[in-house]
Amino acid sequence: MSIPPVKEQLEIIERGTVEIVPREELVQKLEKSRITQTPLRVKLGCDPTRPDLHLGHSVILRKMRQFQDLGHHTILIIGDFTAMIGDPSGANKTRPALSRGEIIENGRSYFEQASKILDPDKTEIVYNSEWLAPMSFEDVIRLASHYTVARMIERDDFTKRYQNNDTISLHEFLYPLAQGQDSVHLKSDIELGGIDQKFNLLVGRHLQREFGQSPQICLMMPLLVGTDGTQKMSKSYDNYIGIDEKPEDMYGKALSIPDQLIYPYFELVTDMDHARLPEIRERAENDPRNAKHDLAWNITRMYHGSGKADAARAHFERTVVQKDVPDEMPEFTFSPDSGHGLLDVIRETGFVPSSSEARRLVTQGGVTLDGEKITDPRFRFETGTEGAFILKVGKRKYGKLVFRS
RNA sequence: GGGGAGGUACCGAAGCGGUCAAACGGGGCAGACUGUAAAUCUGUUGGCUAUGCCUUCACAGGUUCGAAUCCUGUCCUCCCCA
């Protein structure tokens, strides 16, 4: 497999990036690699704390894929060892450590999902416990001596937490060092990451230099803003679109983003031809409704194919725009031999976590039965009730209630 | 090691003996509206066999007719000094 000309590569590599440190060295590395026909070693670390990948992850994974397509060597590091420490970046507090079993399982699931974006045959997978776990206390102290406290506290979230008098456990300082050690061990040429990872990536660069290696290039991608339009996409903010989600949910969630996100999403998470982006930017301004539908369709298509994307669009039109009931919904069976309180029925569908919640929804007019709003929380299906009813709870939870013995 | 401050619901933060299931803000949820599951406005936000009952204010005890509020012990956090 041959490596394309540097200029061509740069154009692809720089697409969507927020920062490349330092760009000139990247050019040099690319040139050298092309002359010697030696692929560059591109590293991406993942912290397998949450097994559900979403579009936020896809931004970086897609970049990784581009390197694969350019013929470079890509390494996905499952941070099984570092996950036990708990990564402080982003969150302004200490994350809980995970058990070994959970981490292994998460790592497996991570790769499986990432394979929707990466070429699994071209992805080398490594677990960083492989080289981090055998390190002795002496090794760790040696490693730590290559970095200073002052530089460590420079890091943005440490500074903030320190100023807020929040807890910073000492072990959190070791996380960037461990990640940097990964770069040293793997002799990486390039490390990919979100812009929030900048500090960690730079530590890797620093450590490689300390150990006499050619320091890696740090390539940072922007953080994808979540569907709420304010915070970065994250499962813990519940503003994410998972790459494993059902086509209908994917489509619907994509449509719920604020208008100003239409363009960034096209740029960062779709495979839209680069040349068409200016046109799309204009359309996002002038015809947001259709632009957003296109976006939703494209995202759904990328993960489910165009047939499913068409269906998801039709589904959306029907259920949300025309407020029709969907074709398919879960069914719940009840016996007519006894009466059933509406609140209990709602709770048994699992749509709400408690009957107090069900009561609240009913009182607020959030529950309909065969299209009719029921606002009396004492409503009952009397003994002898037969037949089926369409229950709607909240904005979009539908269930079919069947009464038969 | 010494001195000081503090731990309240999903988060931030009031309350400092009864009127506290606990102000206020954020977030969530619902209703109205809408091209949208956006924005905006309104309501709501511990649980239950529900106009009453039960469990919550770090944890364990205690004082009191009555405690998130007072006392004792334990755990945890932050600040200053060493």
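Within every chain, numbering begins at 1; the chains are lettered A, B, ... in the order of the sequence lines, protein sequences first and strands thereafter.
- The base-pairing partner of B/rG31, taking Watson-Crick or G-U wobble contacts with both distances under 3.5 Å, is B/rC41.
- Counting any heavy atom pair closer than 4.0 Å across all strands shown, A/Lys373 reaches sugar-phosphate atoms only and no base atom.
- Two rings, from A/Phe211 and A/His146, have their centers less than 6.0 Å apart.
- Taking atom C1' in both B/rU55 and B/rA5, the straight-line distance is 31 Å, to the nearest Å.
- For the pair A/Lys253 and A/Tyr240, the cation-pi criterion (under 6.0 Å, within 45° of the ring axis) is fulfilled.
- Between A/Arg283 and A/Asp294 a salt bridge is recorded (basic side-chain N to carboxylate O distance below 4.0 Å).
- Nucleic acid contact for A/Gly252: base, since at least one base atom lies under 4.0 Å from a heavy atom of the residue.
- Between the P atom of B/rG35 and the CD atom of A/Glu317 lies a distance of 13 Å, rounded to the nearest Å.
- On the P atoms, B/rU74 is 14 Å away from B/rG1, given to the nearest whole Å.
- When both pairing distances are held under 3.5 Å, B/rC20 makes no Watson-Crick or G-U pair with any nucleotide shown.
- Here the separation of B/rG66 from B/rG3, taken at their C1' atoms, is 36 Å to the nearest Å.
- A/Lys63 meets the salt bridge (Lys or Arg N to Asp or Glu O under 4.0 Å) test with no other residue; sequence neighbours excluded.
- Comparing the P positions of B/rU49 and B/rA60 gives an interatomic distance of 26 Å, to the nearest angstrom.
- Across all strands, A/Leu361 comes closer than 4.0 Å only to sugar-phosphate atoms, never to a base (heavy-atom distances).
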Go along nucleotides 75-82 of chain B 5' to 3' and tag each nucleotide: B for a protein heavy atom under 4.0 Å from its base, S when only backbone or sugar atoms are that close, - otherwise.
--SSS---
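- Using modelled atom types and a 3.5 Å distance limit, the side chains of A/Thr270 and A/Asn298 yield no donor-acceptor pair.
- Here, B/rU34 and B/rC53 have their P atoms 45 Å apart, quoted to the whole Å.
- A cation-pi contact, defined as under 6.0 Å to the ring centre and within 45° of the axis, links A/Arg155 to A/Phe158.
- A/Arg289 has its CZ atom 9 Å from the P atom of B/rG35, to the nearest Å.
- In this structure, A/Phe381 has its ring center under 6.0 Å from that of A/Phe389.
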In B/S/- notation, 5' to 3', how is nucleotides 42-56 of chain B contacted by protein heavy atoms closer than 4.0 Å?
-BSS-SBSB------
Taking it one step at a time, do A/Glu191 and A/Gln179 satisfy side chain to side chain donor-acceptor pair (under 3.5 Å)?
CA-CA 11 Å; A/Glu191 177 163 7; A/Gln179 187 171 338; 3.0 Å; yes
Yes or no on side chain to side chain donor-acceptor pair (under 3.5 Å) for A/Gln68 and A/Thr74, after CA distance, side-chain angles and deciding distance?
CA-CA 6 Å; A/Gln68 293 185 327; A/Thr74 56; 3.0 Å; yes
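- Atom pair A/Asp259:CG and B/rU40:C1' shows a separation of 14 Å (rounding to whole Å applied).
- Rounded to whole Å, atom C1' of B/rG35 lies 7 Å from atom NE2 of A/His293.
- If you measure from atom CG of A/Asp287 to atom P of B/rG35, you get 13 Å, rounded to the nearest angstrom.
- One interatomic measurement links the two molecules: CZ of A/Arg313 to C1' of B/rU36, which rounds to 12 Å at whole-angstrom precision.
- Considering only side-chain N and O atoms, A/Lys395 lies nowhere under 4.0 angstrom from the phosphate OP1 or OP2 of B/rU36.
- Searching all strands for a Watson-Crick or G-U wobble partner of B/rG1 with both distances below 3.5 Å returns B/rC81.
- Here the two rings, on A/Tyr147 and A/His206, have centers that are under 6.0 Å apart.
- Spacing between atom CD1 of A/Ile374 and atom P of B/rG31 amounts to 14 Å, rounded to whole angstrom units.
- For the C1' atoms, the distance linking B/rA38 with B/rC33 amounts to 12 Å, nearest Å.
- Judged by distance alone, the side chains of A/His57 and A/Gln113 never bring a donor and an acceptor atom under 3.5 Å apart.
- When the C1' atom is compared between B/rC11 and B/rC80, the two are found 29 Å apart, to the nearest whole Å.
- Distance check on atom C1': B/rA30 versus B/rC70 gives 42 Å, rounded to whole Å.
- Nearest-nucleotide mapping onto RNA chain B: of A/Lys253 and A/Val367, the residue sitting toward the 5' end is A/Val367.
- If you measure from atom CG of A/Leu295 to atom P of B/rA37, you get 16 Å, rounded to the nearest angstrom.
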